[in-house]
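First the structure, in the form of structure tokens, and then the observations on it.
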Number of protein chains: 2
Amino acid sequence: MFKNVTLKDIAKECGCSVTTVSRALKDSDTLPQATKDKINQTANAMGYIPNSVATSMRTGSTRTIGVCVQDFRNPFYSSIAKYTEQYLRSKNYFALFATTNEEPEQEYNVIKSFLSKNVDGILLLPIQHDTQAVDLLLEQKKPFVLVGRQFEQLNTNSLVTADEEGGYLITNYLISKNARKILFLNAEESISSAKNRRAGYMRALEEHGLEPFVFNLSMEYGKTREFLIPFSAELAQYDAILVFCDIMGFEAYNTLLSMGYSIPQDMMLASFDGLQQDIILPIELTCAATDRKKMAEQAVDMLLELIDHEQPSPNLQHIVIDQYLLEGNTT
Amino acid sequence: MFKNVTLKDIAKECGCSVTTVSRALKDSDTLPQATKDKINQTANAMGYIPNSVATSMRTGSTRTIGVCVQDFRNPFYSSIAKYTEQYLRSKNYFALFATTNEEPEQEYNVIKSFLSKNVDGILLLPIQHDTQAVDLLLEQKKPFVLVGRQFEQLNTNSLVTADEEGGYLITNYLISKNARKILFLNAEESISSAKNRRAGYMRALEEHGLEPFVFNLSMEYGKTREFLIPFSAELAQYDAILVFCDIMGFEAYNTLLSMGYSIPQDMMLASFDGLQQDIILPIELTCAATDRKKMAEQAVDMLLELIDHEQPSPNLQHIVIDQYLLEGNTT
DNA sequence: CTGTTAGCGCTTTCAC
DNA sequence: GTGAAAGCGCTAACAG
């Protein structure tokens with residue numbers, strides 16, 4: 001097996017102690033420039049790469065943030081991942097990603113292994129099926145921020161989007177486009193954002209004396225199509241479909257097309273997220289959008305602040321990121 | 001600052017030595033069941049979480065694989081990421097992801113920090129702008145596998161897709177659909193897969209006595225649109241557009257639509273990848289597809305095999321993953 | 001069956 | 001200015 005170059009090797013080569021080498025590489029000002037230069041030079045020549053495991057062991061910090069998301073294939077999560085990783089790197093931190101596939105026990109395992117890996121902090125985009133993972137985090141006193149969804153009953157730092165406002169905004173927009181019967185295909189309402197989006201939808205409808213039509217589907221791939229196909233007879237009576245998120249919207253678009261609908265002529269379609277801001281897509285959904293770069297960066301800022309403060313963080317922070325209307329070609 | 005529970009704490013609590021605790025938690029069979037049970041129980045009660053930094057320091061293995069990709073927002077990479085992470089976890093390994101944004105110096109930094117983090121191996125989806133990163137890897141004798149693109153001049157383990165065959169396959173398919181003038185919007189041909197896809201395209205055209213029309217674009221977001229818009233006058237003479245990858249295809253679709261084209265009536269569109277296998281998309285491109293789950297898993301298998309063999313791996317492996325025709329609704 | 005000891009590579013007192 | 005020594009938490013060789 002290949003042996004890495006260590007401080008000891010450099011020390012031997014330079015005829016000085018390990019301490020001196022360590023200091024030289026850290027550019028300590030107790031050393032004369034000449035010594036530092038010489039050591040840096042030989043370290044370079046020997047192909048020295050610092051062993052950060054040893055540094056972590058010694059200092060207690062890994063400069064790594066665990067980031068737990070559901071599924072990278074969902075562009076929502078992959079965009080969050082991208083912006084998080086990029087921003088963390090600019091702050092000289094690593095992102096350690098893990099995915100849960102929306103399986104609660106997986107989430108618990110992920111958090112446990114993050115703790116085991118001694119990450120300095122954790123960003124969790126929770127499944128919100130149970131509180132096991134969050135309980136563990138609270139118990140271990142590890143700095144963490146919940147992103148996207150939050151537990152009403154738990155005291156945690158969190159960053160969410162203005163879901164009620166978004167629901168209100170997009171529903172009002174559909175009404176202004178002459179939709180009267182708006183079908184809302186929502187996610188399960190144990191998810192805080194689903195509950196809040198529905199509340200906004202209800203508020204807008206109420207203001208116009210309109211009736212709500214809500215179904216709660218799973219976000220799993222295929223479930224939207226599975227719902228729509230047997231529903232086709234009733235579908236025609238609606239003017240618009242609002243779905244919980246863009247990936248459900250893509251699936252709805254795809255399914256409606258195969259059912260012979262023209263969008264938006266025969267049926268308007270709207271959603272939440274605005275993934276067209278992050279990736280180029282064949283079509284663009286009209287939606288209540290959020291800025292994922294901003295989400296990622298503000299969540300990271302909040303977390304790093306928690307990490308820097310040694311104290312057990314007295315007051316909790318809750319950031320709410322606004323939602324705004326993004327017109328696509330489906331309304 | 002919160003102090004984690006260590007083996008020492010458990011040992012004190014149980015009135016035994018650290019070694020015994022370590023052995024009990026590893027379920028060593030030199031210990032009587034009663035002792036093991038008692039220790040495991042108290043460890044649990046105390047909320048013990050193993051410090052894997054210390055274990056890594058001691059054993060030299062981090063059970064972590066560095067995975068370097070371009071940009072998570074591209075579903076190609078995020079799918080690879082998903083399947084890689086999932087498969088590695090099933091093998092009890094971690095995936096440490098980093099992204100390069102297609103910037104060569106970023107790639108070098110990423111590899112360097114992977115080495116510094118003492119990852120056990122590296123999966124690199126190389127930019128192929130230069131060989132700096134790969135040179136470093138070779139020099140440090142760290143097990144690694146190149147995925148998707150490969151350097152002809154360097155001896156490395158690699159896994160690529162059958163790009164020449166894919167190019168041939170999809171071009172032949174377009175010809176069978178009566179396309180005679182096929183515009184190929186390829187990526188830069190310093191990328192091995194671009195070069196090979198073109199070769200397949202040429203072979204198919206040659207067999208039918210047809211003329212090639214190739215332009216080399218950047219894969220960056222927006223570049224396909226930027227090319228197509230000023231090209232609109234000439235565009236009408238073509239029967240089909242073949243693009244290097246699906247995300248360029250989405251952009252082409254989106255642009256053609258806004259230019260008033262109906263697809264496939266006015267223009268056929270085909271590409272490479274088959275991302276509709278991984279994520280649900282509003283439309284499905286006809287393409288020469290690859291199985292990313294298979295790619296990820298075979299790359300991981302190859303890498304883990306390298307890691308398990310202490311020897312400097314005598315014979316290099318090159319895996320070629322096949323491409324197959326996937327009909328969408330764009331031809 | 002269990003404990004003592006050494007050491008992974010690094011940083012950080014504390015001496016000289 | 002520089003070095004010796006201790007120790008982060010864990011494992012493994014070696015005793016007993």
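This is a predicted model, so every value here is computed, not measured. Residue numbering restarts at 1 for every chain, and letters A, B, ... go by the order of the sequence lines.
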For this session: Please collect all ring-ring contact (aromatic ring centres under 6.0 Å, His included) contacts where either partner lies in residues 61-84 of chain B, sequence neighbours excluded, each pair once.
Result: A/Phe72-B/Phe72, A/Phe97-B/Phe72, B/Phe72-B/Phe97
Exercise. In whole Å, what is the span from the CE atom of A/Met57 to the C1' atom of D/dG7?
Worked result: 10 Å
Exercise. With respect to the phosphate group of D/dG3, does any side-chain polar atom (N or O) of A/Thr20 fall under 4.0 Å of OP1 or OP2?
Worked result: yes
Exercise. Taking the nucleotide of DNA chain C with the closest heavy atom to each, which residue, B/Cys16 or A/Asn51, is nearer the 5' end?
Worked result: B/Cys16
Problem set entry | Distance in angstrom units between B/Lys8 NZ and D/dG9 P, rounded | 8 Å
Exercise. Do B/Asp71 and B/Thr99 get their side chains close enough for a donor-acceptor pair, meaning under 3.5 Å?
Worked result: no
For this session: Whole angstrom is fine here: how far is it from CZ in A/Arg63 over to C1' in C/dC10?
Result: 17 Å
For this session: Mind listing the residues from residues 30-41 of chain A sitting with a heavy atom below 4.0 Å of DNA chain C? Number order is fine.
Result: none
Exercise. Is the number of heavy atoms from other residues, nucleotides or ligands within 6.0 Å of CD (A/Glu152) greater than 12?
Worked result: no
Problem set entry | Nucleic acid footprint by protein, nucleotides 11-16 of chain D - heavy-atom cut-off 4.0 Å, B for base, S for sugar-phosphate alone | BBB---
Please tabulate, one pair per line, all N/O donor-acceptor pairs under 3.5 Å involving side-chain atoms of residues 13-22 of chain B, not counting sequence neighbours.
from	atom 1	to	atom 2	distance (Å)
B/Ser17	OG	B/Thr19	N	3.4
B/Ser17	OG	B/Thr20	N	3.2
B/Ser17	OG	B/Thr20	OG1	3.1

Problem set entry | Heavy atoms from other residues, nucleotides or ligands near NZ of A/Lys294 exceed 12 (cutoff 6.0 Å) | yes
For this session: Take the protein atom CD1 of A/Ile49 and the nucleotide atom P of C/dC10, then report the distance between them rounded to whole Å.
Result: 12 Å
Could you go through residues 42-49 of chain B and list every donor-acceptor pair under 3.5 Å that involves a side-chain atom there, pairing it with any protein atom two or more places apart or in another chain?
from	atom 1	to	atom 2	distance (Å)
B/Thr42	OG1	B/Lys38	O	3.1
B/Thr42	OG1	B/Ile39	O	3.0

For this session: Return the set of residues passing side-chain hydrogen bond (donor to acceptor under 3.5 Å, both in side chains) with A/Thr131 (not counting sequence neighbours), or none when no residue passes.
Result: A/Asp135
Exercise. Taking CG from A/Asn118 and C1' from D/dC10, how many angstroms apart are they, rounded to a whole number?
Worked result: 12 Å
For this session: Quick one: do A/Ile307 and A/Ile65 satisfy side chain to side chain contact (heavy atoms under 4.5 Å, CB included)? Show the steps, please.
Result: CA-CA 10 Å; A/Ile307 293 170; A/Ile65 301 298; 3.6 Å; yes
Problem set entry | Under 3.5 Å side-chain donor-acceptor pair for A/Lys117 and B/Thr64 | yes
For this session: Nearest whole angstrom, please: distance from the P of D/dG3 to the CD1 of A/Ile10.
Result: 14 Å
For this session: Give the rounded distance in Å between these two atoms: NZ of A/Lys12 and P of C/dG9.
Result: 12 Å
